[in-house]
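Encoded as structure tokens, the structure appears first; notes follow it.
Values in this document were obtained by computation on a predicted structure and should not be read as measured data. The first residue in the sequence is number 1, and the count goes up from there.
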Amino acid sequence: MTPRSTPPSPPPGTGGPADAPAGPGRPPLRPWDEVVALASDLIRIDTTNTADAGGAGTERPAAEYVAAKLAEVGYEFTYVEAGAPGRGNVVARLPGADPARGALLIHGHLDVVPADPAEWSVHPFSGEVADGYLWGRGAVDMKGMVAMMLAVARGHRRDGVLPPRDLVFAFVSDEEAGGFQGARWLVDNRPELFEGVTEAVGEVGGFSVTFADATRAYLIGTAEKGAVWLRLRALGTAGHASLPHDDNPVAKLAAAVTRLEAHRFPLVLTPAVRELLEGVADITGVPFDENDPEAALARFGHASRLIGASLRDTANTTRFDAGYKANVVPGTARAEVDARVLPGREEAFRAEVAALLGPGIEQEWNSLPAVETAFEGRLVEAMTLSLAAEDPGARVLPYMLSAATDAKSFQRLGIRTFGFAPLRLPAGLDFAALFHGVDERVPVEALEFGTRVLDRFLRHC
């Protein structure tokens, strides 16, 4: 492909396929016909979230784009800026046939993590289509799914679809910083927007994994590890670096985080992981050993790291800060740790971490809870049937996501949450590496496939 150092100049949403109405001699517009154009437009709107708590949001232009596309087909919607100026959110409801049934929430976030254009083959905000892929920051996480949601919502309205239950489409901000100024703010301050919602689907689920016999399995997110952010501080005696020091906070903190990094937390088989490994054993004909489930990871190919992260707690040091001059021993050293904790493990995890760090290390904890639900019920059946209709013979299995999504905020309202952003992926694609990675991209065919699945699913959910 031809590298590009700057994004294309035409503004998003001006005259592309997504804007072309049906007319004489032109076939009706189907959701999968416009999803790539919508996703490309969204990628070209830079909604980088730097996680600056005091800064303004960047999501407003993307939220306004979504609102305009919804209004174009007759939706009424609510636009809300959540937590900070510019943190745009759009919520729209499509009434269903049975108002007495709990509504279904379909949610996606508009913000993305930073991207350095110098590292990319194409400009990260180009939304370029090349080599069968849509390229750009957010193609996977998660403007591709946002475009699928928008395309299906528009298609339902154009076609006069009456879904079985109310559908609530939420396009939200700030997920990449924990959702505190996005979904969490909406849940705490505008819960009426989600009145009657009992179940929800969102990102990082419904994607395919291909096994050695070419059998595909689609993994539905039924659980998420808890997210824990730990700030550490060590105090010592400041002084001239030319003298001996036995109270150096840098050395104390470095030794503590080294112990933490070297530690392997206990292996735990949660219900979602057990059901996944049993399903894969059935597909491959190779039983998994409960005493050594990590031996089964190789069967997942590129997805092995993603699945492996769901077997035990993890803790990674992400920042270390100390000192202000080469010849001065400082009085303080600080570090930050990103930890992901299995459901039911947070209390034990805290105790293990405290023991590893040892005395003299101050700890400040901030966390988001784990998410877990059973892989059963009418909604799971609808997911399974919608995937089977597009990919006969494929299997559908649950799994646990090691990262965090806005499901953590929506479960505060008692909503049962799933990861379901369906994509049929090429067997050799390292999907997990694309999240927050350089040259993030999604196959065009996968977006079109996912839109067909999502359309069918929402007609029968």
task: Show your working on salt bridge (Lys or Arg N to Asp or Glu O under 4.0 Å) between R452 and E448 and close with a plain yes or no.
output: CA-CA 6 Å; R452 293 194 300 271; E448 294 168 345; 5.1 Å; no

field: Intermediate values then yes/no, side chain to side chain contact (heavy atoms under 4.5 Å, CB included), L311 and L297
entry: CA-CA 10 Å; L311 295 176; L297 294 180; 4.1 Å; yes

message: Is the ring pair F435/F431 parallel, tilted or perpendicular, if the boundaries are 30 and 60 degrees?
response: perpendicular

message: Working to the nearest 0.5 angstrom, can you tell me the gap between E195 CD and D166 CG?
response: 10.5 Å

query: When rounded to the nearest 0.5 angstrom, what is the spacing between CG in L94 and CD in E76?
result: 12.0 Å

query: Do E224 side-chain atoms and L401 backbone N/O form a donor-acceptor pair below 3.5 Å?
result: no

- request: Spell out, as yes or no, whether a donor-acceptor pair under 3.5 Å connects the side chain of W135 to the backbone of A130.
  value: yes

Heavy-atom side-chain proximity of D313 to V228 below 4.5 angstrom: no

task: Would you please say whether a donor-acceptor pair under 3.5 Å links the side chains of R416 and T373?
output: yes

- prompt: Just by distance, do the side chain of D131 and the backbone of Y133 share a donor-acceptor pair under 3.5 Å?
  reply: no

query: Do side-chain atoms of R154 reach the backbone of K69 as a donor and acceptor pair under 3.5 angstrom?
result: yes

- prompt: Taking C-beta and beyond as the side chain, do P426 and E445 meet within less than 4.5 Å on heavy atoms?
  reply: no

- request: Indicate the atoms forming the closest heavy-atom contact of T317 with A335, along with that distance.
  value: CG2-CB, 4.5 Å

- prompt: Would a 4.5 Å heavy-atom cut-off, applied to side chains only, mark T332 and R233 as touching?
  reply: yes

message: I need the single residue from N89, D406, T58 that forms a side-chain hydrogen bond (donor to acceptor under 3.5 Å, both in side chains) with S173. Which is it?
response: N89

query: For atom CZ of R231, is the number of surrounding heavy atoms from other residues, nucleotides or ligands below 6.0 Å larger than 12?
result: no

- prompt: Are side-chain heavy atoms of E175 and E59 found at a separation under 4.5 Å?
  reply: no

Tell me which donor-acceptor pairs under 3.5 Å the side chains of residues 142-153 have, and how far apart each pair is, sequence neighbours excluded?
unit_1, atom_1, unit_2, atom_2, d
K143, NZ, L42, O, 2.9
K143, NZ, I45, O, 2.8
K143, NZ, T47, OG1, 2.9

Partner of H109 under side-chain hydrogen bond (donor to acceptor under 3.5 Å, both in side chains), chosen from N49, D141, D174: D141

- line: L368 and G178 have their tightest heavy-atom pair at CD1-O, 4.0 Å

message: Does R137 form a salt bridge (Lys or Arg N to Asp or Glu O under 4.0 Å) with E176? I'd like the steps, not just the answer.
response: CA-CA 13 Å; R137 177 60 84 218; E176 295 294 359; over 6 Å; no

- line: Note: A223 and A272 closest approach over all heavy atoms is CB-CB, 4.3 Å

Minimum side-chain heavy-atom gap M383-V396 below 4.5 Å: no

message: side chain to side chain contact (heavy atoms under 4.5 Å, CB included) for K225 and M400? Distances and angles first, verdict last.
response: CA-CA 7 Å; K225 295 172 82 172; M400 176 185 291; 3.6 Å; yes

Backbone N/O of F265 and side chain of R312: donor-acceptor pair under 3.5 Å: yes

- prompt: If we only count heavy atoms from C-beta on, is the F349 to L342 side-chain gap below 4.5 Å?
  reply: no

- prompt: Minimum heavy-atom separation for A92 to Y75, with atom names?
  reply: CB-CD2, 4.0 Å

query: Are the side chain of R274 and the backbone N or O of L269 linked by a donor-acceptor pair below 3.5 Å?
result: no

message: Using side chain to side chain contact (heavy atoms under 4.5 Å, CB included), reason through V329 and V250 one step at a time and then give a plain yes or no.
response: CA-CA 8 Å; V329 173; V250 179; 6.0 Å; no

message: If you count heavy atoms of other groups shown closer than 6.0 angstrom to CD of E64, is the number above 12?
response: yes

field: Exam field: side chain Q411 to backbone A370, donor-acceptor pair closer than 3.5 Å
entry: yes

query: Run the salt bridge (Lys or Arg N to Asp or Glu O under 4.0 Å) check on R334 and E364 step by step: do they pass?
result: CA-CA 11 Å; R334 296 179 175 83; E364 179 186 333; over 6 Å; no

message: Pairing donors with acceptors under 3.5 angstrom, does anything connect the side chains of T48 and D46?
response: yes

query: Is there a side-chain contact between C461 and V201, using heavy atoms and a 4.5 Å cut-off?
result: no

- request: Mind running side chain to side chain contact (heavy atoms under 4.5 Å, CB included) on V80 and V91 for me, showing each step along the way?
  value: CA-CA 8 Å; V80 181; V91 181; over 6 Å; no

Nearest-0.5 Å distance, OG1 of residue T198 to CG of residue L104: 7.5 Å

- request: Answer yes or no for R87 and W185: cation-pi contact, defined as NZ/CZ to six-membered ring centre under 6.0 Å and angle to ring axis within 45°.
  value: no

message: When you measure from the side chain of N327 to the backbone of A241, do you find a donor-acceptor pair of N or O atoms at a distance under 3.5 Å?
response: no

- request: Please round to the nearest 0.5 Å and tell me the distance separating atom CG of L235 and atom NZ of K252.
  value: 7.0 Å

message: Looking at every heavy atom in both P124 and I43, which two are closest together, and how far apart are they?
response: O-CG2, 3.7 Å

- prompt: Under the salt bridge (Lys or Arg N to Asp or Glu O under 4.0 Å) criterion, do R190 and E192 qualify, and how do the steps go?
  reply: CA-CA 5 Å; R190 296 295 303 273; E192 75 279 2; 2.3 Å; yes

message: Could you measure the distance from the CG atom of L447 to the CH2 atom of W32? Nearest 0.5 Å is fine.
response: 14.0 Å

- prompt: Is the number of heavy atoms from other residues, nucleotides or ligands under 6.0 Å of E119 CD greater than 12?
  reply: yes

- line: d(R340 CZ, S310 OG) to nearest 0.5 Å is 13.5 Å

- prompt: Any donor-acceptor pair under 3.5 Å linking the side chain of S40 with the backbone of G127?
  reply: yes

message: Please check this pair: side chain of S304 against backbone of F300, looking for a donor-acceptor N/O pair closer than 3.5 Å.
response: no

- prompt: Any ion pair linking D430 and R305 (charged N to carboxylate O, less than 4.0 Å)?
  reply: no

statement: Heavy-atom nearest pair, Y218 first then L423, reads CE2-O, 3.6 Å

- prompt: According to the ring pair (Phe, Tyr, Trp, His ring centres under 6.0 Å) rule, which pairs have a member within residues 399-420, sequence neighbours left out?
  reply: H107-F410, F194-F410, F207-Y399, F420-F457

query: Do V380 and T222 have side chains that get closer than 4.5 Å, going by heavy atoms?
result: no

